[in-house]
Chemist: 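Starting off with a structure, shown below.
In this text, all values refer to a predicted model and were calculated from it rather than measured experimentally. So you know, we letter chains A, B, ... as the sequences are listed, proteins then strands, and number each from 1.
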Protein chains: 2
Amino acid sequence: MRHGDRRSLTGRGATAPRPTIKDIAARCGVHPSTVSRALSPAMKHLVAADVAERIQAEANALGYRLNMAAKGLRTGRSGLIGVLAPDIADPGFPPVLSGLAEHLNAEGYATIVVDVGTGGSQQDLVDSLIARGVDGLVLATVRLHDDVVAHSVGASTPVVLVNRVDAAGELPSAASDDAAGMRLAVDHLVALGHRRIGHVAGPQEISTGARRRAGFEASIADSGLSLGDAPIEAATAYTRAAGREAGLRLLGRKARPTAIVAANDLLALGVYDALAASGLTCPADVSVVGHNDMPFVDLVSPPLTTVRIAQREMGATAARLLLARIRSPDAANEHVVLQPELIIRASTARPRS
Amino acid sequence: MRHGDRRSLTGRGATAPRPTIKDIAARCGVHPSTVSRALSPAMKHLVAADVAERIQAEANALGYRLNMAAKGLRTGRSGLIGVLAPDIADPGFPPVLSGLAEHLNAEGYATIVVDVGTGGSQQDLVDSLIARGVDGLVLATVRLHDDVVAHSVGASTPVVLVNRVDAAGELPSAASDDAAGMRLAVDHLVALGHRRIGHVAGPQEISTGARRRAGFEASIADSGLSLGDAPIEAATAYTRAAGREAGLRLLGRKARPTAIVAANDLLALGVYDALAASGLTCPADVSVVGHNDMPFVDLVSPPLTTVRIAQREMGATAARLLLARIRSPDAANEHVVLQPELIIRASTARPRS
DNA sequence: CTGAAAGCGCTAACAC
DNA sequence: GTGTTAGCGCTTTCAG
């Protein structure tokens, strides 16, 4: 189908209204419902081949486009999926979104992404998405104990979580194995000879923050190290600035750690800032490990050793879970946990002896 | 308005259908149209205060949400804006999107973003957005000579361009002043003493690629340098890999340039790769300048000197242009050009004497 | 195989 | 101020 043979936008003059199935019906001398059938792949078999062809031709000539709002009103399904994103400018999120959209588009759904930063409360945004008739919701923003979760459980619109989970595990989710990621990081540092390893934790009301912290503590204990030699400072947000603050606090401790594992890459970059501010160098004085492997951390100085999480796959999985929920709303809760991978670069080295 | 006092999602049981104005009307003993009026801020003044209040209360109690599809079908306006993005994972785009969405949300519009990478042809995506009834379109993907532009001119759905322009300037646009940006870059290098300055150009079918190249040539000429000493290699795409290839070609020239200005930051990072592969160091052997100032280029090694473009403002401007177009479709074409700024970091230095 | 009729939820004339 | 009526564009029984 070439583009030239339909007049999509132009050609009808700037003011002509969009053609409807009625217009096509009139020109073909058939009833609108016949046009509807001919133009619907699923119902096309119910109409005579020659008639269907004539209708199709006329539709193309007119540049006809199905009105999804009308269809949605009639069928009760909009083909829209709402996505609540933490902050679209956060470099960590786009890959997830990309995996999500790709999967959803393939099934005929369009995604409408709302940045939580710019709007009102999370619940209001969810409500406005519901008002738009979304067939499902993907939340990438929930806190461990979050009102939206309570409101979403058993709701008529299916909801899945991505990148984060709720404390009670009441909603289906696709997330990375945070504990495994921290184990990878800690084991790597221990193998290098580090014995005093600090942690810049993420916000504790967010599952990644809490679980990575817990994973850190468990790994330290399992390595036979004392938790007393594993100081933790929690950052107030997943930002470079908050990482710097927490990093500074960690470096100010009496027994300065020889390595720091951060709950994510942004925090790790903040730790770089703290190191610079303290006149220390990485990895000579302090080794640093991040989490997520966001774009370009291989280019910073020094290139960041980090735990790579499967972001695109996480998005694709969330899409799959949501689609399953839409088809059978009462299916059991599935929590998909994706395995991370340690990417060793130049920010980690043996401690000074 | 607290969240507790409405039951939005839960509380009606998982299977109950969403309440409609009819339900509210029945419970309040009024006609549906009265409910419609009471719930519409613009029409509320037409209904008695006490009745309006009762209706509002009942709506809250029921967790009623306006059905936008139905409203849109009736009014012909969906409150949806379609955005065609080049690649959501490209770190340059999110700030634009963020500025766009913020502005649009404030006016009650939701944005539906489609990644051109994952779908079919650009025109098909536009058509599907039109089928969804979008009130306007923002294209961040057009090439200089692009069919979509021809199809969009005089179309019934307003279209604006962001970050890019079409060759004939037929559509309203918000973009950075590419020529001014290149002048900033070239002047800076000339002031440092460079006399052989190369350019890694972007794809020439894209306005930024073509205009930055033209701006580069003009600046070189105006600086009194010979174009013979200003070799240019065009990259095939705005990617780090393409930048590396083009950079390698530039560095392979007989008279190697002492400085390279890249058409964007991703290409500049590719030039870093090319330098590393050639055993050269930046800025000692070759200075590098990027364009866009995308997130974290201040952290790469060496921190990148680059031309900062006003991305959020670009998005906000595009939103403004689109809203203006929606209100008066026949307004004159406006091309807003935003001024860039040179951010000097450590990738540029005096040439070796 | 095709036509007729009804209605999804909402708004906007137009009455009273 | 409020009710009545009609219809946006589409799908889907139900007849024939």
Chemist: Partners of A:S78 by side chain to side chain donor-acceptor pair (under 3.5 Å), sequence neighbours excluded?
Modeler: A:D135
Chemist: What's the angle between the local helix axes at either end of the helix from C:dC1-D:dG16 to C:dC16-D:dG1, using five pairs per end and rounding to 10 degrees?
Modeler: 40°
Chemist: Strictly below 4.0 Å: does A:H31 bring a side-chain N or O up to OP1 or OP2 of C:dA4?
Modeler: yes
Chemist: Cut-off 3.5 Å, no hydrogens considered: what does the side-chain donor-acceptor table look like for residues 43-55 of chain B, sequence neighbours left out?
Modeler:
unit_1	atom_1	unit_2	atom_2	d
B:H45	NE2	B:A42	O	3.4
B:R54	NH2	B:C28	O	2.7

Chemist: Under the side chain to side chain donor-acceptor pair (under 3.5 Å) test, which residues partner A:S207, sequence neighbours left out?
Modeler: none
Chemist: Under 3.5 Å, side-chain donor or acceptor atoms of residues 81-88 of chain B against the rest of the protein: list the pairs with distances, not counting sequence neighbours.
Modeler:
unit_1	atom_1	unit_2	atom_2	d
B:D87	OD1	B:A89	N	3.1

Chemist: With a 4.5 Å cut-off on side-chain heavy atoms, are A:V113 and B:L97 touching?
Modeler: no
Chemist: Any side-chain N or O of B:T34 less than 4.0 Å from the OP1 or OP2 oxygen of D:dG3?
Modeler: yes
Chemist: Are any non-hydrogen side-chain atoms of B:V35 and B:Y64 less than 4.5 angstrom apart?
Modeler: no
Chemist: Give every donor-acceptor pair under 3.5 Å between a side-chain atom in residues 319-327 of chain A and any protein atom, sequence neighbours left out.
Modeler:
unit_1	atom_1	unit_2	atom_2	d
A:R325	NH2	A:A331	O	3.0
A:R325	NH2	A:N333	OD1	2.8
A:R327	NH2	A:E107	OE1	3.4

Chemist: Quick check on contacts: within residues 36-49 of chain A, what sits under 4.0 Å from DNA chain D by heavy-atom distance?
Modeler: A:S36, A:R37
Chemist: Between C:dC8 atom P and B:D23 atom CG, what is the distance in whole Å?
Modeler: 11 Å
Chemist: What residues, two or more places apart in sequence or in another chain, satisfy salt bridge (charged side-chain N to carboxylate O under 4.0 Å, His left out) together with B:D146?
Modeler: B:R143
Chemist: Base, sugar-phosphate, or nothing for A:S33, non-hydrogen atoms under 4.0 angstrom?
Modeler: base
Chemist: Roughly, in whole Å, what's the span from CZ in B:R132 to P in D:dG9?
Modeler: 18 Å
Chemist: Starting from C1' on C:dC10, measure out to CZ on B:R18 and report it in whole angstrom.
Modeler: 12 Å
Chemist: Tell me every residue that passes side chain to side chain contact (heavy atoms under 4.5 Å, CB included) with A:A26, counting only those two or more places apart in sequence or in another chain.
Modeler: none
Chemist: Could you list by number each residue of residues 71-80 of chain B showing a heavy-atom separation from DNA chain D of less than 4.0 Å, or answer none if no residue does?
Modeler: B:L73, B:R74
Chemist: By side chain to side chain donor-acceptor pair (under 3.5 Å), which residues pair with A:S173, not counting sequence neighbours?
Modeler: A:H335
Chemist: A:H145: what forms a side chain to side chain donor-acceptor pair (under 3.5 Å) with it, not counting sequence neighbours?
Modeler: none
Chemist: Using atom CD1 of A:I21 as one end and atom P of C:dG3 as the other, report the distance to the nearest whole Å.
Modeler: 12 Å
Chemist: Would you mind reading off the distance between B:I55 atom CD1 and C:dC10 atom P, rounded to a whole angstrom?
Modeler: 13 Å
